[in-house]
Enquirer: 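Before anything else, here's the structure in question.
In what follows, every chain begins at residue 1, and chains take the letters A, B, ... in the order their sequences are listed. Side chains included, hydrogens not; waters and symmetry mates left out as well; all remaining heavy atoms used.
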Amino acid sequence: MGATNAKTFFSTRLLEWYRRHKRDLPWRRSRDPYYIWISEVMLQQTRVETVIPYFHRFVDRFPTVEALADAPEEDVLKAWEGLGYYSRARNLQAAVREVKERYGGRVPDTPEAISSLKGVGPYTAGAVLSIAYNKPEPAVDGNVMRVLSRYFLLRDDIAKPSTRAGIERLARELIPEGEAGDFNQALMELGATVCTPKSPHCLTCPVMDLCAGRLEGVENELPVKTKAKPPRPERRAVAFIEGEGAETGKVLARQRPKDGLLARMWELPHVKLPDAAPEGAYGGEADDDGAAIRMLRERLLAEYGLVVEPLGPMMDAEHTFSHIQWRMRVFRCRFAGWADKPGTEARAEAAAAEAEAAGSAESDGDREEPFRWFGRREMEQYAFPNVFLRILKEAGRL
DNA sequence: AATTCGGGGCC
DNA sequence: GGCCCAGAATT
């Protein structure tokens, strides 16, 4: 009976609180399932403040399911540039195309149908169904796991899938009749603005009276979450290749393979160097630039049939992904052409090796020429990962 | 169950 | 520097 009261209290109070305190967010001004969906995909692992400008630009450029379905993929990727997790963009467009074909352009409103769409997992399915259609489905994200772990004093490791599943069952029970959309948003809103990861603002919390974590004085110890392992360092040598003659003022860039990290984005050509000795990775000083320069020239030739003369180091850059850390040294290079006969073989071989390295099952097929000269105009059209945008900016090319 | 997928803001 | 963020797909 006490537990029931705690649950009813929680849902009732939270809903009241939300109606008074909810933030005015762009996607809350619409009830269009397509807009709700876009916002939820953008919000995966991404903060609200980061998403807002992207959301505006995206719906302005792709205002309808039809518009997004019919757009060139490159345009969609460009609109996503800087947001990260680029498979979200490609999956979203693939899913929207399916909605257009199979559902006549209407975002499906059943768990089975919407969950079958690319990029729509348990969270996004529940979020769209509840927010757009007010269906009583849970939408459990990191906020919800944190809030419920504290309120119900759950010590399970939220990094485990089984824990998320359990919290999902609990969250489903808590949904007040006919209020799924607001309740789910209320839960997330509380996590984002009050029940924050560090130093939660318990004194302003609408449910602090019956919060078990608070009553036990362990709100700061919850939720329990195992730490991710640190990213592995990789040294990389980058080629900054300037054009001559007709290509003066331009820089040579290549498109990444269609699978794996930063799939299909454009980048400055670069090669992975052997792991550094413990004490001299880039960021340190006098690493052996000679060896790096040799590797850079040899690997660009072997992998792409690209002939360059590295001139000297230009700048260093570092970029950390979730699982890899790139420690890069950029070398200014002179373009010396493309290798002929042996080059084409080497290039095909490299393409195969690359596809394999990227974990791709596909056998390459007819992919486009992956190199192109970029001036400012082209940069505005094609998507580059942030780390290369930074390098290009520092080099005065943006 | 563990990895692979970006990037930034905040303490 | 560490942590986490309105997670999903793949292995």
Side-chain angles (χ1 to χ4, degrees), chain A residues 22-23 25-28 36-55 77 80-92 94-95 114-128 130-131 138-147 157-165 167-168 171 181 183-193 195-199 220 223 225-232 256 259-265 267 283 318-326 357-361 383-390:
Chain A
K22 70 174 176 183
R23 290 172 289 178
L25 302 176
W27 44 91
R28 287 184 178 160
I36 307 292
W37 181 14
I38 290 170
S39 74
E40 293 302 339
V41 174
M42 287 187 170
L43 286 162
Q44 291 168 9
Q45 296 294 286
T46 311
R47 294 172 189 286
V48 166
E49 310 82 64
T50 305
V51 165
I52 289 174
Y54 281 93
F55 177 82
L77 201 54
W80 211 269
E81 181 185 69
L83 252 192
Y85 288 133
Y86 299 98
S87 65
R88 291 185 295 176
R90 286 175 295 133
N91 287 338
L92 175 61
I114 200 166
S115 297
S116 74
L117 297 171
K118 280 189 182 169
V120 179
Y123 165 76
T124 306
V128 174
S130 63
I131 298 171
V140 175
D141 68 343
N143 287 311
V144 175
M145 289 197 283
R146 183 174 59 256
V147 169
D157 182 355
I158 65 168
K160 293 175 179 295
S162 59
T163 301
R164 197 198 62 78
I167 291 181
E168 203 166 70
F183 176 73
N184 284 345
Q185 292 185 84
L187 214 34
M188 294 186 275
E189 191 89 347
L190 188 74
T193 63
C195 196
T196 48
K198 294 174 200 170
S199 61
N220 284 304
K225 184 178 183 182
T226 58
K227 318 183 213 197
K229 71 177 188 184
R232 63 176 182 275
R256 295 180 61 85
D259 294 297
L261 184 68
L262 303 170
R264 290 187 185 172
M265 299 192 75
E267 66 180 4
E318 200 174 287
H319 190 65
T320 305
F321 303 94
S322 305
H323 57 307
I324 307 173
Q325 180 176 52
W326 280 354
S360 161
F384 283 73
N386 265 16
V387 58
F388 295 104
L389 292 176
R390 286 204 308 273

Enquirer: What distance, rounded to whole Å, do you find between the two C1' atoms, one in dC3(C) and one in dG6(B)?
Expert: 15 Å
Enquirer: For P122(A), which contact category applies under a 4.0 Å heavy-atom criterion: base, sugar-phosphate, or nothing?
Expert: sugar-phosphate
Enquirer: Kindly point out which of dA6(C), dG6(B), dT4(B) is positioned nearest to the side chain of R28(A)?
Expert: dA6(C)
Enquirer: In whole angstroms, how far is the C1' atom of dT4(B) from the CZ atom of F321(A)?
Expert: 12 Å
Enquirer: Under 3.5 Å, is there any donor-acceptor pair linking the side chain of T46(A) to the base of dG6(B)?
Expert: yes
Enquirer: Please tell me which of the listed nucleotides, dC4(C), dG6(B), dA9(C), lies nearest to the side chain of L261(A)?
Expert: dG6(B)
Enquirer: Out of dG6(B), dT3(B), dA8(C), which has the shortest distance to the side chain of T124(A)?
Expert: dA8(C)
Enquirer: Measure CD/Q325(A) against C1'/dG6(B) and give the value in whole Å, please.
Expert: 14 Å
Enquirer: Please tell me which of A125(A) and A228(A) maps to the more 5' nucleotide of DNA chain C, matching each residue to the nucleotide holding its nearest heavy atom.
Expert: A228(A)
Enquirer: Taking the nucleotide of DNA chain C with the closest heavy atom to each, which residue, E189(A) or K118(A), is nearer the 5' end?
Expert: E189(A)
Enquirer: Can you tell me the distance, in whole Å, between the CG atom of D259(A) and the C1' atom of dA8(C)?
Expert: 16 Å
Enquirer: Rounded to whole angstroms, how far apart are CG on N220(A) and C1' on dC11(B)?
Expert: 13 Å
Enquirer: Scan side-chain atoms only and decide if R146(A) and N143(A) contain a donor-acceptor pair under the 3.5 Å cut-off.
Expert: yes
Enquirer: With heavy atoms under 4.0 Å as the rule, sort S87(A) into base, sugar-phosphate or nothing.
Expert: nothing
Enquirer: Considering only atom P, compute the distance from dA6(C) to dC10(B) and round it to an integer number of Å.
Expert: 12 Å
Enquirer: Looking only at side chains, do T124(A) and R88(A) share a donor and an acceptor under 3.5 Å apart?
Expert: no
Enquirer: Check side chain to side chain contact (heavy atoms under 4.5 Å, CB included) between R47(A) and all other residues, then give those that pass, not counting sequence neighbours.
Expert: E49(A), T50(A)
Enquirer: Could you identify which residues of residues 138-146 of chain A place a heavy atom less than 4.0 Å from some atom of DNA chain B, listed by residue number, or say none?
Expert: none
Enquirer: Pick the nucleotide of DNA chain B nearest each of P161(A) and M265(A); which residue has the one closer to the 5' end?
Expert: P161(A)
Enquirer: Please list, pair by pair, any protein nitrogen or oxygen found under 3.5 Å from a nitrogen or oxygen in nucleotides 8-10 of chain B.
Expert:
{"residue": "dG8(B)", "atom": "OP1", "partner": "N386(A)", "partner atom": "ND2", "Å": "2.2"}
{"residue": "dG8(B)", "atom": "OP2", "partner": "N386(A)", "partner atom": "ND2", "Å": "3.4"}

Enquirer: Identify, with sequence neighbours excluded, every residue that meets side chain to side chain contact (heavy atoms under 4.5 Å, CB included) alongside T320(A).
Expert: P231(A), Q325(A)
Enquirer: Atom CD1 of I114(A) to atom C1' of dG7(C): distance rounded to whole Å?
Expert: 15 Å
Enquirer: Touch check for R23(A), heavy atoms < 4.0 angstrom, all strands: base, sugar-phosphate only, or nothing?
Expert: base
Enquirer: Any base atoms under 4.0 Å from L187(A), or only sugar-phosphate, or nothing? Heavy atoms, all strands.
Expert: nothing
Enquirer: Just to verify, what does F183(A) make a ring pair (Phe, Tyr, Trp, His ring centres under 6.0 Å) with, not counting sequence neighbours?
Expert: none
Enquirer: Could you pull out all residues at least two apart from R90(A) that satisfy salt bridge (Lys or Arg N to Asp or Glu O under 4.0 Å)?
Expert: none
Enquirer: Without decimals, in angstroms, what is the distance between Y85(A) OH and dC4(C) C1'?
Expert: 10 Å
Enquirer: Quick one: label V120(A) by what it contacts on the DNA or RNA (base, sugar-phosphate, nothing), any heavy atom closer than 4.0 Å.
Expert: sugar-phosphate
Enquirer: Can you figure out which of dC4(C), dA6(C), dT3(B) approaches the side chain of K225(A) most closely?
Expert: dC4(C)
Enquirer: Kindly say if H323(A) contacts the phosphate of dT3(B), meaning a side-chain N or O under 4.0 Å from OP1 or OP2.
Expert: no
Enquirer: Under the ring pair (Phe, Tyr, Trp, His ring centres under 6.0 Å) rule, collect the residues that match up with F321(A), sequence neighbours excluded.
Expert: H319(A), W326(A)
Enquirer: With a 3.5 Å cut-off and heavy atoms only, can you find an N or O donor on one side and an acceptor on the other between the side chain of R164(A) and the base of dA1(B)?
Expert: no
Enquirer: Sequence neighbours left out, what passes side chain to side chain contact (heavy atoms under 4.5 Å, CB included) with Q45(A)? Give chain and number order.
Expert: Y85(A)
Enquirer: Could you check R256(A) against R264(A) for side chain to side chain contact (heavy atoms under 4.5 Å, CB included), going step by step and ending with a plain yes or no?
Expert: CA-CA 5 Å; R256(A) 295 180 61 85; R264(A) 290 187 185 172; over 6 Å; no
Enquirer: Considering residues at least two apart in sequence or located in another chain, which fulfil the side chain to side chain contact (heavy atoms under 4.5 Å, CB included) criterion with T226(A)?
Expert: D157(A), A159(A)
Enquirer: Between C1' on dT4(B) and NZ on K229(A), what's the gap in Å once rounded to a whole number?
Expert: 11 Å
Enquirer: If the threshold is 4.0 Å, N to carboxylate O, is there a salt bridge linking E189(A) and R28(A)?
Expert: yes
Enquirer: Please state how far atom CZ in F384(A) lies from atom C1' in dG7(B), giving the value in whole angstrom units.
Expert: 18 Å
Enquirer: L190(A) near the nucleic acid: base, sugar-phosphate alone, or nothing, with a heavy-atom cut-off under 4.0 Å?
Expert: nothing
Enquirer: May I ask you to evaluate whether Q44(A) reaches the phosphate of dG7(C), defined as a side-chain N or O under 4.0 Å from OP1 or OP2?
Expert: no
